[in-house]
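Chain letters run A, B, ... following the sequence lines, proteins first and then strands; every chain starts at 1.
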Amino acid sequence: MSTAVGYYATLPLTQCIASAKMQLRIEVSDDDVWFEKLANEAARHMDSLTVFVKRQCQLAIVDGKAKLPNGFYRMLGLRLGGGFNGASLFYVDTPFLSNCGINNGDNTLFGTSLINGSVQNGSGTFQIQNGYIYFATGISMIDPVTKQVTYATSVDCAFIGLNVDDNGLMIVREDMERGIVAYICYMYMLQNPDKYPAGIWQEHKATWQAQKEWIKSIDVQNDFRQTRRQIAAIANAWVVDKNWWM
Amino acid sequence: MTLKEIVEHVQATPEGAVISDRSRFDIGYLESVIITYRARLLRLIYLKNKRINPVCYQKHWPKFEVDLQDDPCVVKFRHPEVISLDDMSDGFRYIGALSFTDAYPRIKSTAWLSTFNHNRVTAANNDRRTTVLYDGNQQVIEVRGNLEIEEIMTESLLANPLSVPTYNKAVDQFPLNEDLIPDLLAMIFQEQTSIEATVPLKPNSPTLAAQRGRRRS
């Protein structure tokens with residue numbers, strides 16, 4: 001994942017589709033829907049560092065579960081919204097903790113971050129299954145005066161996910177356009193082998209593969225530029241202060 | 001050439017460029033023959049060149065009919081039949097906004113609609129884009145994804161150029177480029193000649209008498 005979030009100018013998938021149609025000399029819109037799927041697929045399979053980014057959103061809790069956002073890949077953190085003061089929820093592997101001997105019911109282990117009880121009873125924890133976040137307990141609170149129970153209705157989620165727009169389609173950078181166009185042309189010609197000689201679609205396939213490698217290498221290069229100071233700081237610590245790791 | 005001129009051409013050619021009220025060709029019949037052969041000729045031209053002259057396209061602005069809206073998920077517009085060109089393309093060139101800036105993505109058939117709706121990216125009714133589907137059986141364009149649309153424009157190769165109100169057969173140029181008119185006439189006469197050659201002559205036909213005279217001499 002690249003730390004260079006929001007670094008590049010983006011363009012809509014429709015521009016890639018229009019470019020592919022110009023390349024293929026297609027006037028009509030009969031294949032536009034399919035081309036949009038291909039463009040989204042190509043952007044995903046660029047498989048570069050900037051395909052995944054840090055994102056944040058608010059999810060609604062319904063019946064004790066919340067649907068994962070589009071493009072979700074890995075959770076970073078969950079905090080309850082509304083009047084719950086941003087209380088954190090935890091994803092814990094309780095069998096693992098038990099094997100390590102730390103899940104002994106001590107509810108002070110995680111300090112005041114837990115709402116109720118300990119990790120052992122699942123309070124304040126969640127699991128992810130089949131595209132949903134399931135909350136065990138700990139998403140409710142009781143008013144000390146009125147004794148009224150209030151359940152959380154939303155949760156703020158920070159996660160690592162695909163770089164997608166609100167509709168779940170990949171966000172495309174300007175320098176990805178050529179590769180995506182090559183991919184669309186290649187797939188279109190594969191569907192019409194009698195109309196296009198093998199040499200033509202192989203050329204598009206080679207362009208797609210070369211562009212994919214180029215985008216990956218650019219992202220790695222930029223990522224190194226972003227993080228080289230941190231790498232240098234760690235290396236310096238090892239070199240300058242030998243006592244640090246001894 | 002207008003349609004009227006082409007009809008006169010077809011009438012006059014076998015009769016020495018003379019048109020009289022004794023012509024054996026019915027005008028209505030000739031018009032339907034010309035329209036049919038135009039469709040066939042355009043298809044052959046497209047198969048050969050993969051390109052049609054822009055003169056052949058006709059623009060149409062389907063009217064929004066309230067009585068036609070019987071499905072809450074789509075907006076429907078009537079549209080006449082279009083020519084079929086090859087296995088991948090039919091006569092529609094543009095279906096979209098009036099400004100020519102937004103051609104709506106086309107779904108080729110109801111079967112494809114079902115397939116697309118099983119994919120999150122291509123689903124037609126996800127309000128993310130406007131798509132169109134032409135139901136050839138009902139001759140209706142279905143617009144999906146935007147229920148606010150009340151106007152669309154199409155540019156197409158109509159199977160019958162007379163089926164739209166914007167075409168006046170008396171004054172408007174027939175939607176076929178001039179250099180294809182001789183090919184059209186050749187196709188018509190080839191068909192006519194081959195049919196007439198199989199029809200037996202009447203006993204008092206002057207042609208038959210002339211043939212008998214030649215045999216006697």
Side-chain angles (χ1 to χ4, degrees), chain A residues 12-45 67-72 130-131 161-172 180 183-185 187-197 200, chain B residues 46-47 49-54 56-57 82-97 100-109 111-134 141 143-145 152-157:
Chain A
L13 288 180
T14 48
Q15 178 164 334
C16 301
I17 294 169
S19 300
K21 287 170 71 173
M22 286 183 229
Q23 176 75 29
L24 294 165
R25 294 174 65 187
I26 295 174
E27 296 176 336
V28 297
S29 60
D30 289 11
D31 293 304
D32 281 17
V33 176
W34 178 45
F35 282 3
E36 188 176 39
K37 173 191 167 295
L38 290 178
N40 187 68
E41 198 172 274
R44 168 66 184 91
H45 287 279
K67 195 171 189 310
L68 287 173
N70 271 330
F72 176 88
N130 292 338
L162 293 172
N163 194 4
V164 295
D165 60 15
D166 292 338
N167 294 309
L169 296 182
M170 293 296 298
I171 291 175
V172 172
I180 292 174
Y183 182 77
I184 294 173
C185 293
M187 297 302 283
Y188 180 83
M189 290 179 182
L190 273 188
Q191 210 185 52
N192 303 284
D194 52 330
K195 293 179 180 157
Y196 298 96
I200 301 293
Chain B
Y46 185 81
L47 288 173
N49 300 333
K50 291 299 179 197
R51 184 166 168 74
I52 300 286
N53 191 302
C56 305
Y57 297 132
V82 295
I83 294 171
S84 179
L85 294 176
D86 65 7
D87 61 328
M88 292 183 64
S89 185
D90 61 16
F92 278 112
R93 296 289 100 181
Y94 177 89
I95 307 176
F100 270 116
T101 57
D102 191 12
Y104 302 143
R106 175 129 177 253
I107 300 172
K108 292 180 192 175
S109 68
W112 271 115
L113 175 64
S114 170
T115 301
F116 283 152
N117 281 337
H118 284 89
N119 184 300
R120 176 181 62 84
V121 176
T122 57
N125 288 345
N126 59 11
D127 297 331
R128 183 160 50 80
R129 68 170 115 63
T130 305
T131 54
V132 292
L133 185 152
Y134 180 62
I141 291 176
V143 180
R144 295 169 185 275
I152 60 170
M153 198 192 80
T154 69
E155 188 178 49
S156 57
L157 298 169

Open item on the list: Before you tell me yes or no, could you show the steps for B:Arg106 and A:Val28 under side chain to side chain contact (heavy atoms under 4.5 Å, CB included), namely the whole-Å CA-CA distance, both residues' side-chain angles and the distance that decides it to 0.1 Å?
Closed with: CA-CA 8 Å; B:Arg106 175 129 177 253; A:Val28 297; over 6 Å; no

Task: More than 12 heavy atoms from other groups under 6.0 Å of NZ on A:Lys67 - done: no

TODO: Can you tell which part of A:Asp166 gets under 4.5 Å to a heavy atom of chain B, answering side chain, backbone, both or neither?
DONE: neither

Open item on the list: Please classify the contact of A:Asn40 with chain B as side chain, backbone, both or neither, using a heavy-atom distance under 4.5 Å.
Closed with: side chain

TODO: Answer whether the closest heavy-atom distance between the side chains of B:Arg129 and A:Glu36 falls below 4.5 Å.
DONE: yes

Open item on the list: Could you check whether any side-chain heavy atom of A:Arg25 comes within less than 4.5 Å of a side-chain heavy atom of B:Arg51, counting everything from C-beta outward?
Closed with: no

Task: Spatial distance of atom OG1 (A:Thr14) from atom CG (B:Asp102) [nearest 0.5 Å] - done: 9.5 Å

- [ ] With rounding to the nearest 0.5 Å, note down the distance linking OG1 in B:Thr122 to CG in A:Leu38.
- [x] 10.5 Å

- [ ] Can you see which heavy atom on B:Met88 is nearest to which on A:Asp30, and at what distance?
- [x] O-OD2, 3.9 Å

